[in-house]
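Encoded as structure tokens, the structure appears first; notes follow it.
No hydrogens, no waters, no symmetry mates; every other heavy atom, side chains included, goes into these values.
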Amino acid sequence: MLFDAFKSRKSSKNLFINPNPTWRVAWGEVDASYEDIALRDEKFVVILPHTVSGLVTEKLAISSGKQFVVVGDIWLTNQVQLLEQLGIEPDSFRGNYLQLVANLWERWGNESLKQLVGMFALVVWDREKQVLQLIRDRIGSRTLYYTTTGAVRWIAPQLRTLSPYRSSDLDLVALRDYLCCAFVPGERTLWQDVRELRPGSVLQFPDEKVQTYWQLQEQITAIDQPLVWHGDRLRELLNQVIQEYLPPQNEPVGVFLSGGLDSSGITALVAKFHSSPVHTFSIHFGAECPNELEFSSLVATHCQTQHHILEITFADMWERLPQTMAYLDDPIGDPLTVPNLLLGQLARESVQVVLNGEGGDPCFGGPKNQPMLINSLYGSVTNQDSLQAYLISFQKCAADLPQLLKPEVLTAIQTAPWVFEEDLYSQASYLNRLMSMNIKFKGADQILTKVSNLTQAADLQGRSPLFDQRVVDLSMKIPPEYKLSGVSEKAVLKQAIADILPDTIIHRPKSGMMVPVQLGFRKYWQQEARDLLLNRHAAIAPYFNQLPIRNWLNYQGDTWSRYGVKLWLLVSLEIWLQVNRKSQN
């Protein structure tokens with residue numbers, strides 16, 4: 001029976017919430033019997049579920065000349081400038097971001113994309129030309145999914161909303177990628193007949209042509225300038241971006257604060273520019289586990305924030321995993337998913353807008369790139385090519401695929417290409433190649449998707465200023481040696497914020513937020529995990545051999561203490577498949 005491994009605990013009764021679907025759009029001949037149709041125009045239909053039907057004006061707008069219909073999710077940082085371009089006084093504007101985009105489109109068409117700065121997933125319908133366009137922001141802060149088969153194509157910002165319109169067939173290449181990365185990179189989803197629009201892209205119907213309106217490119221400039229010069233440029237931009245990301249000055253704001261360089265820098269900048277209370281939120285996992293509260297509390301005191309600390313127990317981690325997986329689109333096997341949701345729910349008690357430090361490592365050269373840099377020097381000795389090394393650097397299941405996957409599954413994916421190859425073998429400097437992949441794939445397909453889904457699940461607005469498109473662009477202009485050089489990491493970011501943080505934070509070694517899943521499976525979850533993963537009716541059973549999973553559960557040969565991470569990856573996948581069974585929608 002579904003979730004048997006979870007039902008023995010009393011607090012699990014509210015865990016099986018299936019989140020309400022959001023807006024969706026259909027392209028094709030749609031039956032008139034559909035409920036909640038907000039707009040129908042030839043082959044174009046907009047459906048807003050009754051749960052949000054009172055929010056029509058927030059999800060749908062029609063241009064002043066009636067030619068364009070815009071549907072979507074959007075948040076812009078440059079609304080005032082855009083209104084000025086349209087000749088509209090900001091104080092007199094009574095519309096919303098979507099209405100602004102609709103009016104921009106009527107004046108400049110696709111050229112409007114050059115002017116949008118922010119986070120968005122949009123559908124634009126041209127009534128005159130009968131052309132439909134799907135559009136996603138440059139970095140991937142918002143998501144947009146679409147079906148690839150059938151007479152009617154369905155589009156939605158959340159994968160689960162498309163459940164009634166897809167088959168239950170898994171994309172085996174996407175499954176392979178998830179096992180290696182803990183997320184599904186690129187346009188594939190775990191469902192065979194659903195794709196995700198890539199960041200910076202436009203998909204047009206009826207010709208199904210994809211165009212790229214923005215690409216991440218290395219453009220190293222001012223190579224003769226010292227680190228201080230580049231740090232000053234970055235600080236100037238961060239000052240601007242942080243102020244744009246803040247809520248009105250009379251409203252409180254939150255920051256997820258781990259005590260690392262990235263979240264500490266964001267906290268210090270927020271405290272510098274925001275006059276209303278600044279709330280910071282940190283986590284730990286109890287007395288059995290090391291934590292970073294010493295550093296997060298130091299930053300909170302230094303910045304005079306109202307600091308909140310949440311203890312997450314092993315019971316919390318296990319019991320809240322089904323609810324967390326229900327809120328995600330594709331599965332994410334990062335153990336931080338549950339803590340992210342729980343911290344968001346705590347934050348919502350105090351604030352509506354919360355910022356985070358995500359993006360510091362991908363943009364400014366975090367230490368996780370070091371194994372790949374070593375491989376570039378010694379790959380000929382280890383006889384390991386760059387792609388193998390990159391997959392293994394995730395420290396998930398890349399090396400286990402021959403043993404883990406059933407023979408027919410392994411055969412099906414044996415020759416499938418990898419989405420990383422184009423960037424990995426490009427002509428850019430080696431570090432920037434690695435960073436490009438981290439931004440384009442891990443950033444868009446894991447970090448930002450997780451931030452967006454789980455903050456929305458907590459009814460929060462989550463914002464990631466270090467992933468702002470302008471910050472990302474600038475990061476590709478900074479010489480690589482000012483990002484990661486030897487054991488010196490994120491030198492330019494440290495330079496940019498050195499004056500607003502204690503030296504202890506600036507110079508502390510990178511540790512990362514370690515979720516104690518190794519201890520969790522050894523001491524607390526082993527029997528439940530065994531019941532879940534080794535059940536002959538498990539959703540993963542058709543794809544995986546049981547022997548390696550049994551070995552992991554018994555911790556046989558766990559030389560590098562990695563079995564806990566692999567088990568969390570599989571448990572997350574199993575639960576995600578269960579909560580997304582079509583009968584559950």
Side-chain angles (χ1 to χ4, degrees), residues 17-63 66-75 95-99 101-102 105 119-127 129-136 142-168 189 191 193-197 202-206 208 326-330 449 452-453 456-457 459 579-585:
I17 299 167
N18 195 17
N20 290 316
T22 184
W23 61 267
R24 57 201 187 278
V25 165
W27 163 260
E29 301 293 341
V30 177
D31 193 312
S33 64
Y34 271 95
E35 296 181 357
D36 303 321
I37 292 180
L39 185 145
R40 175 187 288 275
D41 185 20
E42 299 293 332
K43 291 185 175 182
F44 176 71
V45 174
V46 181
I47 296 178
L48 293 174
H50 66 278
T51 52
V52 294
S53 58
L55 305 177
V56 170
T57 56
E58 293 183 11
K59 300 296 181 183
L60 186 153
I62 301 174
S63 64
K66 310 300 182 186
Q67 180 179 350
F68 295 100
V69 178
V70 180
V71 186
D73 298 307
I74 186 167
W75 177 77
N96 57 22
Y97 292 125
L98 280 183
Q99 188 62 57
V101 171
W105 224 267
M119 306 183 287
F120 49 86
L122 302 172
V123 175
V124 178
W125 170 242
D126 186 331
R127 286 171 149 173
K129 296 180 180 178
Q130 297 284 290
V131 170
L132 182 68
Q133 292 183 311
L134 282 55
I135 304 161
R136 190 176 176 195
R142 293 292 181 265
T143 52
L144 198 56
Y145 300 90
Y146 60 96
T147 58
T148 59
T149 59
V152 178
R153 301 299 181 84
W154 290 91
I155 301 120
Q158 294 172 343
L159 187 57
R160 62 179 176 265
T161 304
L162 298 180
S163 181
Y165 318 112
R166 61 161 172 82
S167 74
S168 295
T189 73
W191 303 119
D193 51 2
V194 182
R195 290 290 182 265
E196 180 183 20
L197 185 66
V202 179
L203 171 61
Q204 183 170 293
F205 290 97
E208 300 192 37
Y327 283 123
L328 293 174
D329 288 313
D330 266 322
T449 298
S452 178
N453 285 27
Q456 287 183 52
D459 194 28
V579 299
N580 282 282
R581 280 178 175 161
K582 289 178 73 78
S583 60
Q584 293 294 307
N585 290 277

Across all chains, not counting sequence neighbours, the side chain to side chain donor-acceptor pair (under 3.5 Å) partners of Gln133 are Asn110, Gln204

Less than 6.0 Å separating the ring centroids of Trp154 and Trp27? no

* Please confirm whether the backbone N or O of Tyr327 pairs with a side-chain atom of Arg160, one donor and one acceptor, at under 3.5 Å? => yes

Sequence neighbours excluded, the answer for salt bridge (Lys or Arg N to Asp or Glu O under 4.0 Å) partners of Arg142 is none

Polar side-chain atom of Asp126 near backbone of Lys129 as donor-acceptor pair, under 3.5 Å: yes

Contacts of Ala156 meeting side-chain contact (heavy atoms from CB on, under 4.5 Å) (sequence neighbours excluded), chain-then-number -> Arg24, Thr161, Leu162

Residues at least two apart in sequence or cross-chain that pass salt bridge (Lys or Arg N to Asp or Glu O under 4.0 Å) with Asp31, listed by chain then number, are none

Check whether any side-chain heavy atom of Val71 lies under 4.5 Å from a side-chain heavy atom of Leu122, and answer yes or no.
no

With sequence neighbours left out, the residues meeting side chain to side chain donor-acceptor pair (under 3.5 Å) with Gln130 are none

Would you call the rings of Phe68 and Trp105 parallel, tilted or perpendicular, where under 30° means parallel and over 60° means perpendicular?
perpendicular

Glu196 (side chain) donor-acceptor with Thr143 (main chain) under 3.5 angstrom: no

Salt bridge (Lys or Arg N to Asp or Glu O under 4.0 Å) filter on Glu42, not counting sequence neighbours, yields none

Sequence neighbours excluded, the answer for ring pair (Phe, Tyr, Trp, His ring centres under 6.0 Å) partners of Trp191 is Trp576

For Asp329, the salt bridge (Lys or Arg N to Asp or Glu O under 4.0 Å) test, sequence neighbours excluded, returns none

task: Using a 4.5 Å cut-off on heavy atoms from C-beta on, say whether the side chain of Leu159 contacts that of Asp330.
output: yes

_Is it the case that the side chain of Thr189 and the backbone of Arg195 share a donor-acceptor pair, with hydrogens and angles ignored and the cut-off at 3.5 Å?_
no

Contacts of Arg40 meeting side chain to side chain donor-acceptor pair (under 3.5 Å) (sequence neighbours excluded), chain-then-number -> none

Taken in chain and number order and not counting sequence neighbours, the residues that satisfy side chain to side chain donor-acceptor pair (under 3.5 Å) with Thr147 are none

Hits for side-chain contact (heavy atoms from CB on, under 4.5 Å) against Thr149, two or more places apart or cross-chain, chain-then-number order -> Asp193

